[in-house]
Amino acid sequence: MAEHKIVARDLSMEFQSLDETGQTERVPVLEGFDLQVREGEFLSILGPSGCGKSTFMNILAGLAHKTGGELLVDGQPLQGINRNQGVVFQGYALLPWRTVLDNIAVGLEIRGVGKAQRLETAREYLELVGLNGFASRYPHELSGGMRQRVAIARSLAYNPDVLLMDEPFAALDAQTRETLQSELLRIWGTHKKTIVFITHSLDEAIFLSDRVAVMTQRPGRIKEIFDIDLARPRLPELRNTQAFIHYRQRAWEALRDEVTDITREPAAAATHQNWQSIATLGGYRIGV
Amino acid sequence: MSSALAISHGSSRRYRGWVLPISVVALWWLASHMGWSQSGLLVSPEKVAATAWDQIASGKFWRAISASLTRNLSGFFIGTTLGLVLGCLLGLSHTFERLVGPSFNTFKQISLFAWIPLISVWFGLGDVAKVVFLSLAALVPVVVNTCDGLRNVPPNLLEVARVYRFSRWQTIVGVMLPAALPSIFTGLYLALVYSWLATIGAEYLLVSGEGIGNTLIDGSEHFMMDLVLFGMVVIGLVGWSLNALARIFERRMQRLYGIDPR
């Protein structure tokens with residue numbers, strides 16, 4: 001029990017939504033969601049779009065509230081925002097009026113760390129993500145990949161135990177994405193954190209993780225978890241090995257039924273409008 | 001050769017905007033000198049220039065323009081200060097918005113000039129009345145844009161504030177106000193433009209005292225078209241300068257925020 005950093009038991013979450021006739025309708029997003037995250041592991045959650053994986057992330061980050069079940073972090077029920085967790089958003093979410101260095105230092109500033117100390121720490125993490133020389137640039141002067149590096153540095157500078165990453169590389173081009181995946185593994189190797197990584201990419205999940213959890217379609221729960229027994233450090237060539245392809249096959253088989261089932265579900269076809277609202281609700285904007 | 005051509009091309013482009021005004025003045029000069037019109041209401045460009053010189057040299061111009069600008073700026077500062085306070089309250093507090101929002105939305109529908117009768121009865125025709133009117137002109141755009149800016153802070157920046165456990169105050173000062181700054185500035189920019197327009201309106205409708213609007217009235221009452229035209233040119237130039245000043249600030253801010261200047 002002690003080695004489990006995060007425990008979700010029979011977690012559920014539902015939204016109230018209006019249907020076409022103006023009636024309030026309960027839309028379950030998560031139902032019977034069970035997951036244990038081990039201390040120090042890299043765990044990816046893989047699922048079809050709209051399955052509620054970002055919702056789980058938001059609940060874990062304290063940005064949304066569960067409607068049922070149990071969620072423990074370090075054996076304690078989660079209440080509000082947990083300062084031991086860092087969050088990396090898909091949209092970077094840097095403050096455009098702050099320089100790169102001041103963006104990285106923002107968490108420390110709020111925590112009341114003195115200026116000299118926080119800038120020193122920020123510089124350290126700036127170097128860690130390979131952005132030396134960009135300290136006084138503004139976010140709009142950076143490429144998408146660089147912005148996400150800044151966002152990662154910002155989360156790490158806060159020195160959290162757990163890093164929650166919600167499709168952090170989804171908006172980047174393929175090359176940048178692969179570079180950042182390797183970078184993330186390098187950083188994770190030096191700063192042992194527990195990482196919960198949300199993605200819809202099979203390759204990304206397998207390449208990065210110790211374990212991959214595959215979710216069902218909405219209402220989402222964990223369908224299957226498998227260990228990725230690939231040696232570390234993992235190099236980009238790993239993607240072409242038999243073992244890697246074997247894992248991809250397995251993950252795809254688990255995921256395929258969930259992806260194809262969505263189109264077969266009669267309720268989904270009948271109420272197109274609901275789907276749209278679910279899609280927005282399932283996105284990471286909920287809870288604001 | 002080709003570079004010389006490019007330079008001359010570039011400079012001809014720069015002066016293109018002068019073609020129309022110069023042609024108009026030339027035509028005007030011709031019209032007044034060739035006897036195309038016998039009317040005394042069409043004065044010559046030289047007459048306008050002479051009047052301008054007289055106004056400036058005699059000090060009448062300086063008294064008028066300083067009266068107008070003092071009024072303009074007082075109204076602008078009072079209106080924008082109140083506007084910022086009201087806009088922040090509307091944008092930040094849902095309770096305040098529910099209480100005051102509907103009334104404000106009705107209030108802003110009243111045409112600015114419809115306030116003149118009320119203001120003239122309550123405050124007379126002097127400077128107090130004019131400044132009240134100008135403050136009203138500056139108030140509305142500042143309130144609307146400040147409130148909008150605070151309401152439309154990108155949700156992901158607010159999530160950052162929550163994740164890093166900003167207090168309510170830190171969220172307002174550290175995230176919401178800076179995020180709303182471009183919109184707030186648009187409000188100030190509009191307030192500056194509106195308050196100058198309203199300055200002339202106030203001087204024209206609440207006739208008393210000095211001001212560039214009063215110079216216009218003087219001119220038109222005495223059929224001194226040279227004075228009227230001089231006043232119009234001054235009003236245009238002041239408006240243009242205020243606009244240019246605001247644009248410089250706007251550009252700076254857009255650059256800081258990474259917004260491409262139009």
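Residue numbers begin at 1 in each chain, while the letters A, B, ... track the order of the sequences.
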- Crowded around Arg151(B) CZ? As in, over 12 foreign heavy atoms under 6.0 Å? yes

- Message: Taking OH in Tyr125(A) as the centre, count heavy atoms belonging to other residues, nucleotides or ligands within less than 6.0 Å. Is the count above 12?
- Response: yes

- Message: With rounding to the nearest 0.5 angstrom, report the CG to CG distance, Asn156(B) to Leu95(A).
- Response: 9.5 Å

- Message: Do Pro96(A) and Leu157(B) have side chains that approach each other closer than 4.5 Å (heavy atoms only, starting at C-beta)?
- Response: yes

- Please check if atom CZ in Arg98(A) has more than 12 non-hydrogen atoms from other residues, nucleotides or ligands closer than 6.0 Å. yes

- Which distance, rounded to the nearest 0.5 Å, do you find between the CD of Glu159(B) and the CG of Leu63(A)? 5.0 Å

- Item | Heavy atoms from other residues, nucleotides or ligands near CD of Glu70(A) exceed 12 (cutoff 6.0 Å) | yes

- Heavy atoms of other groups near Gln109(B) CD, more than 12 under 6.0 Å: yes

- Might you work through the side-chain contact (heavy atoms from CB on, under 4.5 Å) test for Val160(B) and Arg154(A), ending with a clear yes or no? CA-CA 11 Å; Val160(B) 168; Arg154(A) 175 175 67 182; 3.7 Å; yes

- Side chains of Phe166(B) and Val106(A) in contact at under 4.5 Å (non-hydrogen atoms): yes

- I would like to know whether Ile81(A) and Tyr164(B) meet side-chain contact (heavy atoms from CB on, under 4.5 Å); could you show each step before the answer? CA-CA 8 Å; Ile81(A) 307 280; Tyr164(B) 289 101; over 6 Å; no

